[in-house]
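Sequential numbering from 1 along the given sequence is applied to the chain's residues.
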Amino acid sequence: MAENAKWYVIHTYSGYENAVKAAIEKSVANRGLEDMIHKMEIPMETVTEVTEAGVMKEVERKVFPGYVLIKMVLTDDTWHLIRNIRGVTGFVGSANKAIPLSEEEVAALGVEKREIVVMYHVGDTVKITDGPLSTFTGIVEEIEPEKNKVRVVVSMFGRETPVELELDQVEVLS
């Protein structure tokens, strides 16, 4: 069942996100549905605010107030469990149909971290495997794993051109 789990968005009353998350966790534990409802996230960001006194302080703020992300296997039972939690107004979707987030949306939200193992280093010759420059070769100039970026210098029309790509768009030439 775990491979059928997808990320969904639950709409809640504003300010009830943490209470809804706690209530769902309690209901899941009580009913033994840990194999159906896997994970819940309330996306947060750290923002530096300046107070009236001019003091800078870091504050955790909800990225999407009024929403909770949940990774679950959607069945009639799990749908009713979530809908009947106090503070939940419904799933994001059309009418009574919850629509899961796409893989791209989940990646953009940074909810699930995918670890990419980089098999190349600065100075290595690599082949671009994806995108408009696929089949081009170049030399790795810079690697930024935290941003999922690699800069490759490619020779186009007799000129050296730096190109920024994602880490998984290149592979080392053997």
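At most 12 non-hydrogen atoms from other residues, nucleotides or ligands lie less than 6.0 angstrom from CG of Asp76. Taking a 6.0 Å sphere around NZ of Lys26, one finds it holds 12 or fewer heavy atoms contributed by other residues, nucleotides or ligands.
Separating the CG atom in Asn18 from the OG1 atom in Thr12 is a distance of 9.5 Å, to the nearest 0.5 Å. For the atom pair CZ (Arg31) and OG1 (Thr78), the distance works out to 11.0 Å, reported to the nearest 0.5 Å. Of the inter-residue distances, the one linking Ile10 atom CD1 with Arg83 atom CZ reads 10.5 Å to the nearest 0.5 angstrom. Here Lys39 contributes atom NZ and Lys71 contributes atom NZ; the two are 6.5 Å apart, rounded to the nearest 0.5 Å. Here CD1 of Ile70 is found 3.5 Å from CD1 of Ile82. Values are rounded to the nearest 0.5 Å. The CE atom of Met72 lies 12.0 Å from the CG atom of Asn4; values are rounded to the nearest 0.5 Å.
Contact of the Lys57 side chain with the Thr48 side chain is not registered, since no non-hydrogen atoms from C-beta on lie closer than 4.5 Å. A 4.5 Å side-chain heavy-atom check between Thr75 and His80 finds every atom pair outside the cut-off. Contact of the Leu101 side chain with the Leu69 side chain is registered, since non-hydrogen atoms from C-beta on lie closer than 4.5 Å. The side-chain heavy atoms of Met36 and Asp77, taken from C-beta on, include no pair separated by under 4.5 Å. Side chains of Val152 and Pro162 form no contact here, defined as non-hydrogen atoms less than 4.5 Å apart. Counting heavy atoms from C-beta on, the side chains of Lys62 and Ile42 come closer than 4.5 Å.
Annotation for Met44 and Val63: closest pair C-CG2, 3.7 Å, computed over non-hydrogen atoms. Scanning both residues, Ser155 and Glu160, for their nearest heavy atoms gives CB-OE2, 3.7 Å. Minimum interatomic distance between Val68 and Glu17 (heavy atoms only, all atoms of both residues): CG2-O, 3.9 Å. Taking both residues in full, the closest heavy atoms of Val20 and Arg86 are given as CG2-O, 3.7 Å, listed atom of the first, atom of the second, then distance.
Under a 4.0 Å N-O distance rule, the pair Arg61/Glu49 qualifies as a salt bridge.
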Side-chain atoms of residues 119-141: list all donor-acceptor pairs with protein atoms under 3.5 Å, sequence neighbours left out, distances to 0.1 Å.
unit_1, atom_1, unit_2, atom_2, d
Tyr120, OH, Leu167, O, 2.8
Asp124, OD2, His121, N, 2.8
Thr129, OG1, Gln169, O, 3.0
Ser134, OG, Gly131, O, 3.4

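Linking Ile, Leu, Val, Met, Phe, Trp and Tyr residues whenever their side-chain heavy atoms come within less than 4.5 Å leaves Ile99 and Val9 in two separate clusters. Both Val172 and Val154 sit in one connected hydrophobic cluster of ILVMFWY residues. Membership requires side-chain heavy atoms under 4.5 Å apart, directly or through other members. Criterion: ILVMFWY side-chain heavy atoms under 4.5 Å apart, direct or through other members. Under it, Val153 and Leu165 are not part of a common hydrophobic cluster.
Taking the centre of each ring, Phe91 and His11 stay at or above the 6.0 Å mark. Aromatic ring centres of Tyr16 and Tyr13: separated by under 6.0 Å.
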Evaluate Val28 against Ile24 for side-chain contact (heavy atoms from CB on, under 4.5 Å), listing each step before the verdict. CA-CA 6 Å; Val28 166; Ile24 292 171; 4.0 Å; yes
Report the C-alpha distance between Leu81 and Ile37 in whole Å, list the side-chain angles of each, state the deciding distance to 0.1 Å, and finish with yes or no for side-chain contact (heavy atoms from CB on, under 4.5 Å). CA-CA 10 Å; Leu81 172 88; Ile37 299 177; 3.4 Å; yes
Run the numbers on Lys6 and Leu74 for side-chain contact (heavy atoms from CB on, under 4.5 Å), then give the verdict. CA-CA 8 Å; Lys6 292 187 167 63; Leu74 189 64; over 6 Å; no
Can you check side-chain contact (heavy atoms from CB on, under 4.5 Å) on Trp7 and Glu41, steps first, answer last? CA-CA 10 Å; Trp7 283 97; Glu41 295 286 333; 3.8 Å; yes
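A side-chain N or O of Glu60 and one of Thr46 form a donor-acceptor pair less than 3.5 Å apart.
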